[in-house]
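One structure below.
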Amino acid sequence: MVVVSGQLEDRGTTDDAMSSSDAEDELIEPATPTPTSAAFSLQDKVHPLQLPEVIPLNVGGMGFTTRLSTLLRYEDTMLAAMFSGRHYIPTDAEGRYFIDRDGTYFGDILNFLRCGDLPPQERLKMVYKEAQYYSIGPLLDSLDKMQPLTGEKVRQAFLDLMPYYKDHLERIIEIGKHRAIQRKARFAKLKVCVFKEEMPITPYECPQFNTLRFERSESESKHFEHHCEVDVSFGPWEAVADVYDLLHCIVTDLSERGITVDHQCIGVCDKHLINHYYCKRPIYEFKITWW
């Protein structure tokens with residue numbers, strides 16, 4: 001018993017020799033969360049927000065009602081993510097879940113999610129934009145196979161041959177606006193050259209291997225380099241589509257921007273190049289009516 005007592009006395013002496021700071025470190029315990037905060041944190045991780053089976057929606061001020069299962073039909077969509085219970089969704093004064101997006105075509109989105117119905121042709125383009133916004137891949141795939149979206153992809157493949165096509169459209173608009181303002185006129189006219197072949201040909205030259213361009217040496221090609229005296233020039237390109245097809249594209253794209261355009265061929269560029277070669281690129285007069 002005396003031996004034990006001695007060991008206890010030695011331990012007490014050692015403890016007395018410890019510094020006050022070391023003693024404090026021995027006494028500090030790790031902070032533990034309160035029962036309330038711990039339960040809240042666990043609930044966030046384990047139990048997502050419970051949403052009702054019937055979902056009232058306010059999409060840009062327009063009201064809709066649908067089942068939760070409809071919104072969750074396709075996993076990789078924005079709507080499925082929003083209503084998965086993992087995210088906060090704001091509500092309006094009536095308790096409807098709010099989506100800050102124009103709701104004009106949201107009914108078409110719901111109809112597809114409900115039963116796979118596709119919109120009428122006149123609404124396809126706008127519904128396609130909404131499907132892109134909500135990332136609904138199956139709807140996008142279905143719309144891609146319908147006109148006019150299929151035709152638009154074919155048309156765009158042709159226009160991709162001209163990298164400055166959109167820039168040239170902007171130039172037509174800017175020149176037309178400037179001339180109308182300058183002359184205080186209702187309409188403006190400008191000259192546009194649309195040519196398919198890069199260089200002029202003669203009846204003695206024939207395409208080789210059915211190509212649309214003609215092979216000439218670099219030195220010969222320089223003799224044919226020139227700019228027609230026009231405001232905007234489109235071309236050349238290598239495709240089956242011809243000059244009239246490109247003119248249709250130009251007028252269509254300008255019309256979609258609300259610009260009224262009339263055009264007519266007023267001749268060809270008669271610039272002499274070399275020997276018996278003349279340019280002969282067609283020149284069109286574009287008339288833009290502003291009001």
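Bear in mind the structure is a predicted one, so any value in this text is a computation, not a measurement.
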Legend entry - Within 6.0 angstrom of Glu53 CD, more than 12 heavy atoms from elsewhere: no
Legend entry - Candidates Ile136, Leu72, Leu139 - the one meeting side-chain contact (heavy atoms from CB on, under 4.5 Å) with Thr77: Ile136
Legend entry - Side-chain (Lys196) to main-chain (Ala239) donor-acceptor, under 3.5 angstrom: yes
Legend entry - Residues, nucleotides or ligands: over 12 heavy atoms within 6.0 Å of Glu229 CD: no
Inset, instruction - Kindly say whether Cys249 contributes a backbone atom to a donor-acceptor pair with the side chain of Thr252 at under 3.5 angstrom? - result: no
Legend entry - Flag side-chain contact, heavy atom, 4.5 Å: Val261 against Lys287: no
Legend entry - Student check: side-chain heavy atoms of Trp237 and Val243 closer than 4.5 Å: yes
Inset, instruction - Could you check Thr104 against Met126 for side-chain contact (heavy atoms from CB on, under 4.5 Å), going step by step and ending with a plain yes or no? - result: CA-CA 9 Å; Thr104 304; Met126 297 307 299; over 6 Å; no
Legend entry - Atom CD of Glu122: over 12 foreign heavy atoms under 6.0 Å: yes
Inset, instruction - Determine whether Leu68 and Val59 fall in the same hydrophobic cluster, where Ile, Leu, Val, Met, Phe, Trp and Tyr are linked whenever their side-chain heavy atoms lie under 4.5 Å apart. - result: yes
Legend entry - Straight-line distance of Leu79 CG to Leu113 CG, nearest 0.5 Å: 6.5 Å
Inset, instruction - Output yes when a side-chain donor or acceptor of Ser135 lies under 3.5 Å from a complementary backbone atom of Ala131, and no otherwise. - result: no
Legend entry - Cluster overlap Tyr165 with Ile172, hydrophobic side-chain contacts below 4.5 Å: yes
Legend entry - Tyr97-Asp92 side chain donor-acceptor pair, cut-off 3.5 Å: no
Inset, instruction - Report yes if some heavy atom in the side chain of Glu152 is under 4.5 Å from a heavy atom in the side chain of Thr150; otherwise report no. - result: no
Inset, instruction - Locate the shortest heavy-atom distance separating Gly95 from Pro56; write the atom from each residue and the value. - result: O-CG, 4.2 Å
Inset, instruction - Taking Gln147 for its side chain and Gly151 for its backbone only, find out whether a donor-acceptor pair lies under 3.5 Å. - result: yes
Inset, instruction - Would you mind telling me which of Thr66, Thr70, Leu57 makes a side-chain contact (heavy atoms from CB on, under 4.5 Å) with Phe83? - result: Leu57
Inset, instruction - Work out which heavy atom in Ala241 is nearest to a heavy atom in Phe158; give both atom names and the distance. - result: CB-CE1, 3.7 Å
Inset, instruction - List the atom of Arg114, the atom of Thr65, and the distance in Å for their closest heavy-atom pair. - result: NH2-O, 3.0 Å
Inset, instruction - With rounding to the nearest 0.5 Å, note down the distance linking CG in Leu149 to CG in Asp144. - result: 6.5 Å
Inset, instruction - Compare all side-chain heavy atoms of Ser233 with those of Cys228 and state whether any distance is below 4.5 angstrom. - result: no
Legend entry - More than 12 heavy atoms of other groups within 6.0 Å of Arg123 CZ: yes
Legend entry - Rounded distance [0.5 Å steps], CD1 in Ile175 versus NE2 in His178: 9.0 Å
Inset, instruction - Would you confirm whether Asp253, through its side chain, and Ile250, through its main-chain N or O, come within 3.5 Å as a donor-acceptor pair? - result: no
Legend entry - Note, Leu118 side chain near Asn111 side chain (heavy atom, < 4.5 Å): no
Inset, instruction - Answer yes or no: is there an ion pair linking Lys125 with Glu130, defined by an N-O contact shorter than 4.0 Å? - result: no
Inset, instruction - State whether Tyr133 and Arg101 meet the cation-pi test: NZ (Lys) or CZ (Arg) under 6.0 Å from the six-membered ring centroid, and within 45° of the perpendicular axis. - result: yes
Inset, instruction - Tell me, yes or no, whether the heavy-atom count around Asp100 atom CG, taken from other residues, nucleotides or ligands under 6.0 Å, exceeds 12. - result: no
Inset, instruction - Would you mind telling me which of Arg171, Arg179, Lys191 makes a side chain to side chain donor-acceptor pair (under 3.5 Å) with Asp231? - result: Arg179
Inset, instruction - Answer yes or no: does atom CG of Asp141 have more than 12 heavy-atom neighbours from other residues, nucleotides or ligands under 6.0 Å? - result: yes
Inset, instruction - Evaluate the criterion side-chain contact (heavy atoms from CB on, under 4.5 Å) for residue pair Leu140 and Gln132; output intermediate values, then yes/no. - result: CA-CA 7 Å; Leu140 292 172; Gln132 287 180 315; 3.7 Å; yes
Legend entry - Contact summary for Pro163 and Leu161, nearest pair of heavy atoms: CD-O, 3.5 Å
Inset, instruction - Report yes or no: do Leu254 and Tyr244 belong to one cluster of Ile/Leu/Val/Met/Phe/Trp/Tyr joined by side chain heavy-atom distances under 4.5 Å? - result: yes
Inset, instruction - Determine whether Phe187 and Ile288 make a side-chain contact, defined as any pair of heavy atoms from C-beta on separated by less than 4.5 Å. - result: no
Legend entry - Sub-4.5 Å side-chain heavy-atom contact between Leu124 and Pro148: yes
Inset, instruction - Evaluate the side-chain proximity of Leu71 to Leu110: yes if any heavy-atom separation is below 4.5 Å, no if none is. - result: yes
Legend entry - Linked, directly or transitively: Ile283 and Val192 (ILVMFWY side chains, under 4.5 Å): no
Inset, instruction - Could you tell me whether the side chain of Trp290 and the main chain of Gly176 form a donor-acceptor pair under 3.5 Å? - result: yes
Legend entry - Geometric class of the Phe286/His263 ring pair [parallel <30°, tilted 30-60°, perpendicular >60°]: tilted
Legend entry - Centroid-centroid under 6.0 Å between Phe234 and Phe195 rings: no
Inset, instruction - Quick one: closest heavy-atom pair of Ser142 and Phe112, and the distance? - result: OG-CE1, 4.3 Å
